[in-house]
Amino acid sequence: MTDRLTPPIDRRTALKTTLGIGTLAIAGCLGSADQDSFRIGAPWDVTRDPLDGGSAHGGGILQRLGIIEALVGVSDDAEPEPALATDWERVDDVSWEFALRDGVVFHDDTELTADATVTSLERTVSSSAFADVPIEAVDATDQSTIVVETETAFAPLPAHLSRPEATIISPEAIEGDGVTEPISTGPFVFESFDPGSELRAIRNDDYYGETPTVESVRYEVVEDDQTRRLKLENGELEMARELPQGFAAALEETDGVDVYTPAIPRIRFVTFDTRSAPFDDERVRNAVSRAIDRESITESVLEGVDSPAIGPISSEMGDWADPSIGSTHYDPDRARELLSDAGWTTESDGVRTNDGSELSIDCYTYNSRELPVIGEVIQNQLAEVGIEFDLTVVEYGAMIDRVSQKSFDMYLTSWGTLIYPDPDRLADMFHSEGGLYHGWKHEEVDTLLDEARRLEDLEERRTRYHDVQTIVLDEAPIAVLTNYTNVIATAAAVHGYEPHPTETTYRLENVEVEG
């Protein structure tokens, strides 16, 4: 067990001294205090700039560590809640007022004002990350209130302002299109950064909220799963994140280790190219979906830790999931019927043909720990209904390049479905102008998603999102496979840790280490 943590250096003095010359000197080094840091191991790299890396990686890690904060937080019910803004209201269809929290200062001791907030958000609005968020202008009405104007009525605005790209950075740290350091308002203060290796932060003793117990944090990039596990078991980490589902049972039997397996709003799924044969035929898409035994995948590959998915939004994540979707849709006999109806008949070798062409499918996935194995299970299951399946595993970027540039059959991936606390994420997935590459265009779905963005009434929005999910299930531009459970392990001496349901924060301000 580690010793009690030693007092941190005076970080604010260093910040105020050095920002004037455009660089940030490291005011001392944790050095021998290394062993006293709360050490976290995870596979994802981190960046200095919240606009880099999206919600899961890069800037998202800065937010999860409690270094940067946004106007809006995310509650345990996966809903927007106050953070740097104590309140907000929709003044009219396109205008929102946000009231800033009093008495907040940045890590460089400058005050959080409306002008500073506008400067930071203007940078966010002009970035590619917010290209699909219809913000037209951000203005200050006084030093405690800002107004955000949208081009059209946009109900999910508060949820989007909880994203890491929308976190508020001190204007003194903004230099051109980038930032010198992630100087924000959170319970931890950025200390140092070694790309691809680690980030260090220290406690913000002047934090307006709950002051952390731990005095410093060291976030280590440890890509290999087994290495993260061993470092935790050997006392080199206090927390290991993103562990494989297959580690959970063994870790639960390991002395000195506590294991957490929270469900998070993320799904694994296959995406079909609906513009080209054979998946331009809705019957073939549905046949593949019904031929996949999701229970078998979760019990074998995922060790019973994850659950089968029945829709694009998990029912565990609140009322946004369509309650009419009630099963995993596994029905291989119906799959065979659909294929026969679509003209694909079985030959003597068991493979289906249509006009002399075999029903042979190419599927791309990337080298995530479980996706290639899930692909192999799907290969065997589709063979049972007469579909030949060829799996190609590449780097994630190579997969996206391939499926975005020309026709394909299908690809296997995973996405967070509530990376901000609103089902507007369904527009990213299923609107004809969304970010998946299925090429599926459905006029009613586009209309429902557009209406849900404009409406203020929650029940009316919910009805439209339920309708979208029903249509998606019927026409199958994707086939959902499994929900996602995070496997996190900590040293048993760590107390007070509570996983956040959407992973917006690691809640490090709540943890303490006994010893």
Side-chain angles (χ1 to χ4, degrees), residues 41-49 51-62 64 128-129 131 164-165 193-199 219-229 240-247 264 266-273 275-276 279 292 297 301-302 306 360-379 382 389-417 419 425 428-429 434-439 477-482 484 486-487 503:
W44 312 122
D45 201 0
V46 67
T47 66
R48 295 174 185 267
D49 192 338
L51 290 181
D52 294 339
S55 62
H57 313 152
I61 301 299
L62 294 172
R64 293 175 181 182
S128 59
E165 298 94 341
F193 171 57
D194 183 4
S197 179
E198 67 174 32
L199 178 145
Y219 176 91
E220 297 185 32
V221 181
V222 186
E223 295 184 1
D224 182 71
D225 299 331
Q226 186 64 34
T227 301
R228 286 200 306 287
R229 173 181 175 176
R241 304 192 64 90
E242 299 285 337
L243 294 169
Q245 282 73 10
F247 284 7
I264 61 172
R266 187 176 187 88
I267 57 169
R268 301 178 184 89
F269 59 99
V270 293
T271 298
F272 303 110
D273 185 352
R275 297 157 297 191
S276 60
F279 293 124
I292 297 173
I297 290 172
V301 178
L302 303 174
D306 292 349
S360 179
I361 294 170
D362 292 324
C363 178
Y364 293 89
T365 193
Y366 57 98
N367 52 355
S368 170
R369 71 175 71 92
E370 73 284 329
L371 291 179
V373 184
I374 290 174
E376 292 172 4
V377 175
I378 292 174
Q379 182 180 49
L382 294 188
F389 181 93
D390 183 46
L391 182 68
T392 300
V393 181
V394 294
E395 296 288 335
Y396 179 79
M399 181 187 77
I400 295 301
D401 286 344
R402 172 62 182 81
V403 302
S404 64
Q405 292 179 15
K406 54 185 176 179
S407 63
F408 60 95
D409 290 332
M410 57 191 276
Y411 68 95
L412 169 61
T413 189
S414 68
W415 264 34
T417 53
I419 59 173
R425 179 66 160 165
D428 296 336
M429 302 179 75
L436 289 179
Y437 300 103
H438 43 60
I478 71 170
V480 299
L481 301 177
T482 76
Y484 198 98
N486 244 351
V487 178
E503 272 200 309

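Heavy atoms only: backbone and side chains are in, while hydrogens, waters and symmetry mates are out.
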Check: Glu220 side chain, Gly41 main-chain N or O, donor-acceptor pair, under 3.5 Å: no
Distance in Å, Tyr364 OH paired with Thr413 OG1, rounded so as to fall on 0.5 Å steps: 15.0 Å
For the student: nearest non-hydrogen atoms of Val222 and Arg228, plus distance: O-NH1, 2.7 Å
Evaluation steps, side-chain contact (heavy atoms from CB on, under 4.5 Å), between Tyr411 and Asp273: CA-CA 9 Å; Tyr411 68 95; Asp273 185 352; over 6 Å; no
Close side-chain approach of Ile61 and Asp45, heavy atoms under 4.5 Å: no
Expected output: side-chain Asp194 to main-chain Ser197 donor-acceptor under 3.5 Å: no
Distance (rounded to the nearest 0.5 Å) between Asn486 CG and Ile264 CD1: 4.0 Å
For Leu302 against Gln245, the heavy-atom pair lying closest together: O-CB, 3.5 Å
Whether Phe269 and Trp415 hold their rings parallel, tilted or perpendicular, with breakpoints at 30° and 60°: perpendicular
Neighbour count above 12 (heavy atom, 6.0 Å) for Gln226 CD: yes
Side chain proximity check, Leu62 to Leu199, heavy atoms < 4.5 angstrom: yes
Modelled atom types, side-chain donor and acceptor of Arg268 and Thr482, under 3.5 Å: yes
Pairwise distance CD1(Ile292) to CD1(Ile374) - rounded to 0.5 angstrom: 10.0 Å
Sub-4.5 Å side-chain heavy-atom contact between Thr392 and Asp362: no
Heavy-atom check, side chain of Val221 versus side chain of Glu223, under 4.5 Å: yes
Residues Val46, Phe193; criterion side-chain contact (heavy atoms from CB on, under 4.5 Å); working and verdict: CA-CA 9 Å; Val46 67; Phe193 171 57; 3.5 Å; yes
Approximate separation, where rounding is to 0.5 Å, of Asp428 CG and Leu436 CG: 8.5 Å
Cation over ring face, Arg229 and Phe247, 6.0 Å, 45°: yes
Minimum heavy-atom distance Thr271-Phe408, with the two atoms named: O-CE1, 3.8 Å
Atom pair NE2 (His438) and CZ (Phe272), whose distance is rounded to the nearest 0.5 Å: 11.5 Å
Tyr366/Ile400 under side-chain contact (heavy atoms from CB on, under 4.5 Å): CA gap, chis, key distance, verdict: CA-CA 9 Å; Tyr366 57 98; Ile400 295 301; over 6 Å; no
Closest non-hydrogen atom pair between Glu242 and Pro43, with its separation: CB-CD, 3.6 Å
Closest non-hydrogen atom pair, Asp225 against Arg369: OD2-NE, 2.9 Å
side-chain contact (heavy atoms from CB on, under 4.5 Å) between Arg241 and Glu503, worked out: CA-CA 11 Å; Arg241 304 192 64 90; Glu503 272 200 309; 3.3 Å; yes
Pairwise distance CE(Met399) to OG(Ser404) - rounded to 0.5 angstrom: 10.0 Å
Closest non-hydrogen atom pair between Asn367 and Pro372, with its separation: CA-CG, 4.4 Å
Main-chain N/O of Ser407 paired with Arg402 side-chain donor or acceptor, under 3.5 Å: yes
